[in-house]
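Notes to accompany the following structure.
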There are 2 protein chains.
Amino acid sequence: MAQRTRADALSRERIVEAAVELLDADGERGLTFRTLTERLATGPGAIYWHVPNKGELLAAATASVIGDALTVAATGSPWEEIRALALGLFDAVERHPWLSPQLAVQLSHSPWGSVTPRIFESIGRRVSALGVPEATWFTATSALAHYVFGAAGQNAANARALQVGGADRAEFLRDAANAWEELDPAEFRFLKAIAGQVREHDDREQFLTGIDLILTGIAAQERP
Amino acid sequence: MAQRTRADALSRERIVEAAVELLDADGERGLTFRTLTERLATGPGAIYWHVPNKGELLAAATASVIGDALTVAATGSPWEEIRALALGLFDAVERHPWLSPQLAVQLSHSPWGSVTPRIFESIGRRVSALGVPEATWFTATSALAHYVFGAAGQNAANARALQVGGADRAEFLRDAANAWEELDPAEFRFLKAIAGQVREHDDREQFLTGIDLILTGIAAQERP
DNA sequence: ACCTGAACACCGTTCAAGT
DNA sequence: ACCTGAACACCGTTCAAGT
């Protein structure tokens with residue numbers, strides 16, 4: 001085939017966009033240089049001209065999706081904005097479940113790359129507007145950020161299990177709760193005790209309650 | 001070579017043990033069936049007789065390491081035991097940085113496999129002993145567990161960056177803080193503001209302060 | 001400057017064959 | 001029952017060659 005016309009020219013953005021689509025459709029195993037070259041009707045060499053390697057491609061896909069989630073309408077109290085921001089990230093991980101392992105991988109390759117600072121900045125600005133002592137800002141922001149990723153990761157895992165299993169949420173929780181009620185009480189008496197709560201809880205609501213919990217702790221903290 | 005003698009016979013445990021050693025030494029890319037067969041002086045077929053595939057091997061390695069971290073001496077108030085438990089997990093991820101992406105992967109493949117329930121049980125028992133209303137147990141335990149993994153993951157990332165870069169901690173934080181002070185204030189005024197705190201903070205101490213923050217929020221929560 | 005496509009090294013997994 | 005080791009399909013990456 002001859003050189004591409006201007007209209008279908010490759011670019012880093014088009015490649016990243018296609019990568020996100022493949023990841024959304026089939027998870028991390030859905031993105032290979034074979035599937036990518038097929039979708040973009042090109043060869044591997046063309047992609048390598050725009051992107052140095054697969055790791056960078058995954059990093060760019062992650063940054064792109066997280067960046068969208070961080071643009072939150074700034075209307076409300078800092079407390080409310082933190083809730084909105086956290087919920088935006090939570091939902092982004094639910095829409096793109098591959099984000100969960102991927103964020104951990106990105107972090108472990110370059111902890112302060114491009115994603116973490118932007119998330120810290122977004123959350124931290126609102127924390128600093130809460131009126132708590134400046135000496136607590138960093139720790140408070142860290143606590144919120146860590147909680148958000150932990151919770152979002154677990155939820156993405158549940159979402160994927162639902163998708164694979166083909167069951168609906170209520171059914172999934174009912175089965176899990178029933179299984180827990182059968183557990184050996186010597187080893188798992190706590191899980192048995194809360195099986196009922198698991199059956200009835202709502203993930204997003206519980207997630208936000210966790211945010212409120214941490215914000216309450218932050219507000220209650222004395223000058224260290 | 002003839003069949004192995006009883007002394008050097010393969011077993012699932014020996015394979016998992018070797019896998020953990022390879023992972024500790026070189027991260028996830030250090031564990032391949034080639035390196036594993038070489039270390040165990042055998043062929044791939046032998047390993048596949050004991051372990052169904054690489055995913056299960058990684059899951060077993062994860063469960064093994066997490067299991068060790070969960071066996072905590074039960075002496076102290078519930079609050080203190082939760083701190084000890086959390087710190088044990090935090091340190092385990094620091095010693096085995098591959099745990100961080102791996103936990104996310106395990107979670108997304110089977111969210112309530114074997115690792116998550118055991119962690120929930122360990123934390124939850126102490127939460128239920130705090131004296132807070134039973135209706136809050138599940139949410140409180142979730143918040144703690146999610147925070148622990150998020151924080152441990154970020155810390156593992158930092159630890160690995162240190163290992164790769166060859167720098168020491170103080171130098172690493174100084175460089176990061178200096179870089180943040182140079183950032184564009186329009187985009188990153190919060191990061192600039194806390195650069196000083198970043199330079200001076202201690203990871204483990206900050207992690208425990210986060211635990212206290214959440215526990216304070218839990219204790220302050222009213223009956224929902 | 002941008003793209004093509006064959007080729008390479010490496011990986012997880014299988015399986016017929018041995019003891 | 002347990003292990004061997006060659007073979008297979010697939011993957012990320014390179015690179016000489018084209019326009």
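Hydrogens, waters and symmetry mates are skipped; everything else that's a heavy atom, side chains included, is used. Order of the sequence lines fixes the chain letters, A, B, ..., with proteins taken first and strands second; residue numbering starts at 1 for each chain. Fair warning: this is a prediction, and the values are worked out from it, not measured in the lab.
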Item to complete: Classify the side-chain pair R199(B)/N178(B) by whether it contains a donor and acceptor separated by less than 3.5 Å.
Response: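 A donor-acceptor contact under 3.5 Å links the two side chains.
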
Fill in: Pair assignment for DNA chain C - dot-bracket with | for other-strand partners, Watson-Crick or G-U under 3.5 Å
||.|||||...|||||.||

Fill in: V105(B) and E28(A): CA distance, side-chain angles, deciding distance, side chain to side chain contact (heavy atoms under 4.5 Å, CB included) verdict
CA-CA 11 Å; V105(B) 172; E28(A) 180 152 3; over 6 Å; no

Out of [options], whichever nucleotide has its closest atom nearest the side chain of [X]:
X	options	value
T32(A)	dC3(C), dG12(D), dC2(D)	dG12(D)
W49(B)	dC3(D), dG12(D), dC3(C)	dC3(D)
T42(A)	dC11(C), dT4(D), dC3(C)	dC3(C)
P44(A)	dC3(D), dT13(C), dA6(C)	dA6(C)
A9(B)	dT13(D), dC3(D), dC3(C)	dC3(D)
R34(A)	dC3(C), dG12(D), dC11(C)	dG12(D)

In whole angstrom, what separates [X]'s [atom1] from [N]'s [atom2]?
X	N	atom1	atom2	answer
F33(A)	dC15(D)	CZ	P	15 Å
E38(B)	dC11(C)	CD	C1'	15 Å
N53(A)	dC11(D)	CG	P	17 Å
L10(B)	dA1(D)	CG	C1'	13 Å
L31(B)	dT13(C)	CG	P	11 Å
E28(A)	dC11(D)	CD	P	13 Å
L36(B)	dC11(C)	CG	P	12 Å
L57(A)	dC11(D)	CG	C1'	15 Å

Once you round to the nearest 0.5 Å, how far does [atom1] of [X] lie from [atom2] of [Y]?
X	Y	atom1	atom2	value
F33(A)	I47(A)	CZ	CD1	6.0 Å
E94(B)	R204(B)	CD	CZ	7.5 Å
L191(A)	R125(B)	CG	CZ	9.0 Å

Worksheet item: Taking the nucleotide of DNA chain D with the closest heavy atom to each, which residue, Y48(A) or I47(B), is nearer the 5' end?
Response: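 Whichever sits nearer the 5' end wins; that is I47(B).
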
Worksheet item: When you look at CD of E171(B), are more than 12 heavy atoms from neighbouring residues, nucleotides or ligands closer to it than 6.0 Å?
Response: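 It does: E171(B) CD has more than 12 such atoms within range.
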
Worksheet item: For dC3(D), does OP1 or OP2 lie under 4.0 Å from any side-chain N or O of H50(B)?
Response: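 Looking at the OP1 and OP2 atoms of dC3(D), one of them is under 4.0 Å from a side-chain N or O of H50(B).
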
Discussion item. Can you tell me how the ring of F138(A) sits relative to the ring of F120(A), calling it parallel under 30°, perpendicular over 60° and tilted otherwise?
Written reply: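 Tilted.
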
